[in-house]
2 protein chains.
Amino acid sequence: MEPELSAQMEDYLEAIENLCRDDGVARVRDIARRIEVSTASVVGAIRTLKEKGLADQEPYGYVRLTEAGGRAAASVVHRHEVLQGFLEDVLGLDPEAASEDACRIEHAVSPETLGRLGAMAEFLLGDAHGDLDWPGEFRKFFVSRKRRKKA
Amino acid sequence: MEPELSAQMEDYLEAIENLCRDDGVARVRDIARRIEVSTASVVGAIRTLKEKGLADQEPYGYVRLTEAGGRAAASVVHRHEVLQGFLEDVLGLDPEAASEDACRIEHAVSPETLGRLGAMAEFLLGDAHGDLDWPGEFRKFFVSRKRRKKA
DNA sequence: TCCTGAAGTTAAGTCAACCTAATATTATGA
DNA sequence: TCATAATATTAGGTTGACTTAACTTCAGGA
């Protein structure tokens, strides 16, 4: 059903989805800026997304996702959000770094692992575990561990 | 200093390193089997590793890593081990799945995130946190959460 | 010794993803 | 309205990673 997509195609889908959400529409130019490729590359990518039935575009017009494209994009965005949440809230990375890492890991992580990472965040940040202050405890541990390693 | 390596080149380094460790030597044929590519691909990859000063090989002979190649390989292996440990011992994935995920994520994870994942495993599996039985507690939570979601 | 099969190599081509430069279309403000 | 700037597209080329098929080299047994 859902076709296998390369990391690159997933990036294009994600960019289109996010632009549509933020700006209402997705222009070739803006997609290129987000992904940091040339507009020619975007045009090429859109052609293959069209062939796969994931995107639509009238000549010289805006890019839109099809039903299937929207579903695929939602999957990528979901992976990104779970990962970013985990990296930021559980591991304590700053948002910038968390987003960059999420951008790369989102193409590599399995559904199983993603699900467990999400569950772990829920567990540690919620109140299911008793009275453990996770972010605080871990931060303390992490800092003292660093000191320990340096020695 | 250390040159930027593609995920593929990292895979070749890792395979060579592991074969040397397990079998004492690394043959083209065995590298090909590990990575699941043709021997011709391995020959090509070794040529580029040689050009980068990471591998040595006399014609028709065994493949060995140079000093620099060994360092690069160690970095990959280290990433793999930390990730696999985390996925297996903290998230509770079975070893097979953990290894496969580690193989993909190892090329995407930042040093910062890797360090924190390692610290987290240490924290949760060690005895620094009080009396929380992590694997057990998380497993319970994960199972009941699944049931909750299904409903 | 030599011949034969396994292992390594080379040749030639495919494919995906990118690029630059040139061209086409659209949109805008004077 | 129409020149010009901005945007989209096409043409043509590069690179990395892979393939199959043909070839060399090597090592062991009859």
Side-chain angles (χ1 to χ4, degrees), chain A residues 2-16 19-20 22-65 69 72-73 76 103-104 106-108, chain B residues 2-16 19-20 22-65 69 72-73 76 103-104 106-108:
Chain A
E2 313 292 340
E4 287 295 305
L5 290 172
S6 67
Q8 283 86 342
M9 286 304 127
E10 290 196 336
D11 282 336
Y12 285 106
L13 286 178
E14 193 179 16
I16 294 166
L19 283 167
C20 285
D22 296 350
D23 302 0
V25 300
R27 288 190 219 67
V28 168
R29 194 69 238 266
D30 296 329
I31 299 167
R33 254 197 275 270
R34 285 240 171 170
I35 309 193
E36 297 186 276
V37 296
S38 69
T39 60
S41 297
V42 174
V43 170
I46 291 168
R47 193 167 47 69
T48 93
L49 289 178
K50 279 191 241 173
E51 285 164 8
K52 290 180 190 291
L54 300 173
D56 273 332
Q57 180 202 33
E58 52 240 46
Y60 293 92
Y62 297 138
V63 183
R64 291 166 28 79
L65 296 178
V76 183
C103 268
R104 279 176 285 109
E106 70 193 16
H107 307 298
Chain B
E2 313 293 338
E4 287 295 304
L5 290 172
S6 66
Q8 283 85 343
M9 286 303 126
E10 290 195 336
D11 282 336
Y12 285 106
L13 286 178
E14 193 178 15
I16 295 166
L19 283 166
C20 285
D22 296 352
D23 302 1
V25 301
R27 288 188 219 68
V28 169
R29 195 65 237 259
D30 296 329
I31 300 166
R33 254 195 275 270
R34 284 238 172 172
I35 309 192
E36 298 188 276
V37 296
S38 68
T39 61
S41 297
V42 175
V43 170
I46 291 169
R47 193 167 47 69
T48 93
L49 289 177
K50 279 191 240 173
E51 283 164 10
K52 290 179 189 293
L54 299 173
D56 273 333
Q57 180 203 33
E58 53 238 47
Y60 294 93
Y62 297 138
V63 182
R64 290 166 30 79
L65 295 178
V76 183
C103 267
R104 278 176 285 108
E106 71 193 14
H107 308 298

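Bear in mind that the values here come from a model prediction, so they are computed numbers and not experimental data. FYI, side chains are in, hydrogens and waters are out, and symmetry mates aren't considered; it's all heavy atoms of this structure.
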Subject >> Interatomic distance, A:Gln8 atom CD to A:Leu13 atom CG [nearest 0.5 angstrom] >> reply: 12.0 Å
**OP:** Check whether any side-chain heavy atom of B:Val28 sits under 4.5 Å from a side-chain heavy atom of B:Gln57, and report yes or no.
**Re:** yes
Original post:
Counting only heavy atoms not in A:Lys52, do more than 12 fall under 6.0 Å of its NZ?
Top reply: no
Original post:
Any idea which heavy atoms bring A:Ala7 and A:His107 closest together, and the distance?
Top reply: O-CE1, 3.4 Å
N/O to N/O distances under 3.5 Å, protein versus nucleotides 11-18 of chain C:
residue	atom	partner	partner atom	Å
C:dA17	OP1	A:Ser6	OG	2.5
C:dC18	OP2	A:Tyr12	OH	2.9

**OP:** Measure the distance from CD1 on B:Ile46 to P on D:dG16 and round it to the nearest whole Å.
**Re:** 17 Å
Original post:
Taking CZ from A:Arg47 and P from D:dT10, how many angstroms apart are they, rounded to a whole number?
Top reply: 8 Å
What's touching nucleotides 2-8 of chain D from the protein side, N or O pairs under 3.5 Å?
residue	atom	partner	partner atom	Å
D:dA8	OP1	A:Val28	N	3.3
D:dA8	OP2	A:Arg29	N	2.6

Original post:
Could you give the distance from CE (B:Met9) to CD (B:Glu4), rounded to the nearest 0.5 Å?
Top reply: 14.0 Å
Original post:
Of the non-hydrogen atoms in B:Ala15 and B:Ile31, which two are nearest, and what is the gap between them?
Top reply: CB-CG2, 4.4 Å
**OP:** Grab the two heavy atoms, one from A:Ala55 and one from A:Lys50, that are nearest each other, plus how far apart they are.
**Re:** O-CG, 3.4 Å
Original post:
So do the side chains of B:Val42 and B:Val63 get within less than 4.5 Å of each other, counting heavy atoms only?
Top reply: no
Original post:
Is there a side-chain contact between A:Leu49 and A:Ile16, using heavy atoms and a 4.5 Å cut-off?
Top reply: yes
Subject >> Minimum side-chain heavy-atom gap A:Val37-A:Tyr12 below 4.5 Å >> reply: yes
Just the atom pairs and distances: protein N or O near nucleotides 13-15 of chain D's N or O, under 3.5 Å.
none

